[in-house]
Amino acid sequence: MDNLQQMKDTLQLCVDRHKDELYSVSRDIWSRPELAGEETHAHDRLVSFFSQDRAWAVESHYKLQTAFRAQWGPVGGREDEPLVNVAFLCEYDALPGIGHACGHNLIAEITVLGTPAEEDIGGKIDLMNAGAFSDVDLVFMAHPAQQDASFLPCIALKEVSVKYYGKASHASAYPWEGVNALDAAVLAYNNMSALRQKLKPEWRLHGIIKHGGVKPNIIPDFSELHFYLRTPLLKDLCILKEKAEACFRAAALATGCKVEISYPSHENHNILPNATLAKLYEANGKALGIQFPEQPDNFSGSTDFGNVSFSVPGIHPFFYICTDAFNHTEEYTEAAGSEKAQLFTLRTAKALAMTAVDVVCCPDLLRQVRDDFRLAKLEQDR
């Protein structure tokens with residue numbers, strides 16, 4: 001036990017020793033926001049950071065153009081125990097218009113497997129399909145939020161694109177010759193609004209009309225909607241998907257338009273909880289002064305980490321960064337780039353690393369983590 005605590009003390013000192021460098025990395029990524037799949041500067045900056053130390057084996061453009069892998073080890077464990085490969089994941093993509101309003105520049109400070117395009121494409125899913133997690137035993141990641149929490153129930157997500165095709169005509173001279181695709185989009189939007197009344201309280205659907213015409217005196221021959229469908233459990237997502245498609249097709253039938261429904265990105269799974277990892281993380285966090293208020297039963301965010309959690313045992317805690325602003329706002333963008341966020345970010349990094357030390361050095365804990373993983377997967381099917 002003394003050796004375990006010594007390791008934890010050493011890693012805390014290591015984080016403190018590099019705090020200025022870590023803030024420089026975070027600030028650099030924050031000051032040059034890049035959209036999902038386009039994070040070339042963030043990729044190069046992080047690769048350069050890890051390449052400074054020969055202890056790290058760094059692979060740039062790892063399976064995806066803006067992903068990377070930095071491996072250090074082997075460490076820990078007993079001679080009679082197999083080595084445990086722990087992956088710390090990071091995100092560094094920004095949002096259109098408002099930059100790092102989800103604080104991904106802070107995640108990039110505390111991780112060693114670069115996973116791009118969380119906000120849009122689902123980069124972790126592409127990496128998983130490419131085998132990036134095949135040799136990984138545990139995955140760790142933390143995300144900025146409004147409070148500290150070892151677990152929040154992130155929910156499953158399906159993105160849907162709906163396109164209506166009608167017929168253009170002069171809107172004043174020959175309106176009867178046209179087939180109005182905007183009418184179809186408006187009907188579909190209203191259908192979805194009416195559908196909300198029949199959904200379970202924790203289910204979510206929300207969307208926008210992306211295209212509705214080019215000029216008032218031309219009947220629109222094309223319109224497009226973009227919606228997100230969310231449910232707490234993956235198995236319920238297919239039910240909501242069926243209901244939504246009925247709304248979209250009904251609008252096409254009513255207006256005489258043709259409809260095209262597609263799903264342009266990966267489906268995000270809900271995050272599987274892991275009681276053992278959550279308990280360890282809270283204990284380590286409290287030792288560092290982190291307070292964990294009562295957690296809400298529901299949380300309506302989604303992440304591609306959920307898909308990884310179905311494949312590999314892991315933990316995805318959230319951490320406060322000294323702001324009351326909400327994610328995906330300009331105010332949160334400013335908070336994510338501020339120096340005062342560093343105390344909370346590095347404290348979380350220490351708690352994650354200490355949790356990894358617990359599991360790597362204690363085979364019984366690793367077995368408990370794997371048991372929790374199996375039980376959580378079974379619960380999803382009930």
Side-chain angles (χ1 to χ4, degrees), residues 35-38 93-99 101-102 117-122 155-231 236-268 300-304 326-330 333:
L35 300 182
E38 302 174 6
D93 60 329
L95 290 158
I98 53 177
C102 220
E118 185 271 344
E119 292 289 358
D120 189 12
I121 302 170
I155 61 181
L157 164 69
K158 191 72 175 178
E159 179 183 3
V160 56
S161 173
V162 184
K163 298 177 181 179
Y164 290 103
Y165 299 91
K167 180 184 177 183
S169 182
H170 195 292
S172 179
Y174 312 106
W176 56 86
E177 294 292 335
V179 178
N180 197 316
L182 178 58
D183 282 347
V186 172
L187 282 175
Y189 191 93
N190 288 333
N191 288 346
M192 294 292 276
S193 295
L195 177 60
R196 288 193 184 95
Q197 302 175 44
K198 300 181 180 180
L199 299 183
K200 295 181 179 180
E202 62 272 19
W203 292 17
R204 296 286 185 273
L205 59 84
H206 42 93
I208 60 171
I209 298 177
K210 291 183 65 176
H211 192 283
V214 293
K215 199 173 180 180
N217 65 346
I218 302 175
I219 288 179
D221 63 350
F222 174 75
S223 64
E224 181 179 5
L225 300 96
H226 194 188
F227 267 83
Y228 284 177
L229 314 176
R230 306 185 198 241
T231 58
D236 292 331
L237 200 54
C238 61
I239 300 174
L240 181 54
K241 175 183 169 183
E242 183 178 352
K243 292 179 181 294
E245 285 195 5
C247 290
F248 299 139
R249 297 188 189 283
L253 181 63
T255 58
C257 290
K258 295 180 180 179
V259 62
E260 179 182 293
I261 302 172
S262 62
Y263 298 89
S265 65
H266 295 298
E267 181 177 83
N268 283 1
S300 55
S302 304
T303 171
D304 55 3
F326 291 99
N327 295 62
H328 291 203
T329 64
E330 292 181 357
T333 301

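Predicted model, so just to flag it, every value in this text is computed and none were measured.
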Taking all atoms of both residues into account, what is the closest heavy-atom pair of [X] and [Y], and its distance?
X	Y	answer
Y263	K158	CD2-CE, 3.4 Å
L237	L229	CD1-O, 3.6 Å
I155	S302	O-OG, 2.9 Å
G166	A181	N-CB, 4.0 Å
I219	P175	CD1-O, 3.4 Å
E159	P264	O-CD, 3.6 Å

Roughly how far, to the nearest 0.5 Å, is [atom2] of [Y] from [atom1] of [X]?
X	Y	atom1	atom2	result
D236	E202	CG	CD	8.0 Å
L195	L240	CG	CG	6.5 Å
K163	E260	NZ	CD	5.5 Å
L182	D221	CG	CG	11.5 Å
D304	E267	CG	CD	13.0 Å

Report task. Kindly check if the number of other-residue, nucleotide or ligand heavy atoms within 6.0 Å of CZ (F326) is above 12? Result -> no
Report task. Would you sort out whether I261 and K241 count as a side chain to side chain contact (heavy atoms under 4.5 Å, CB included), showing the intermediate values? Result -> CA-CA 11 Å; I261 302 172; K241 175 183 169 183; over 6 Å; no
Report task. Would you kindly say whether E177 and H170 are connected by a side-chain donor-acceptor distance under 3.5 Å? Result -> no
Report task. Determine, step by step, whether L205 and F227 satisfy the side chain to side chain contact (heavy atoms under 4.5 Å, CB included) criterion, reporting the C-alpha distance in whole Å, the side-chain angles of both residues, the deciding distance to 0.1 Å, and the verdict. Result -> CA-CA 7 Å; L205 59 84; F227 267 83; 4.3 Å; yes
Query raised in the report: Would R196 and H206 satisfy side chain to side chain contact (heavy atoms under 4.5 Å, CB included), going step by step from the backbone distance to the final call?
Result: CA-CA 9 Å; R196 288 193 184 95; H206 42 93; 4.3 Å; yes
Query raised in the report: Is there a donor-acceptor pair closer than 3.5 Å between any side-chain N or O of N268 and the backbone N or O of L157?
Result: no
Is any side-chain heavy atom of [X] closer than 4.5 Å to a side-chain heavy atom of [Y]?
X	Y	result
L225	Y164	yes
P220	V214	no
T255	N180	no

Query raised in the report: Ring centroid separation for F222 and Y165, is it under 6.0 angstrom?
Result: yes
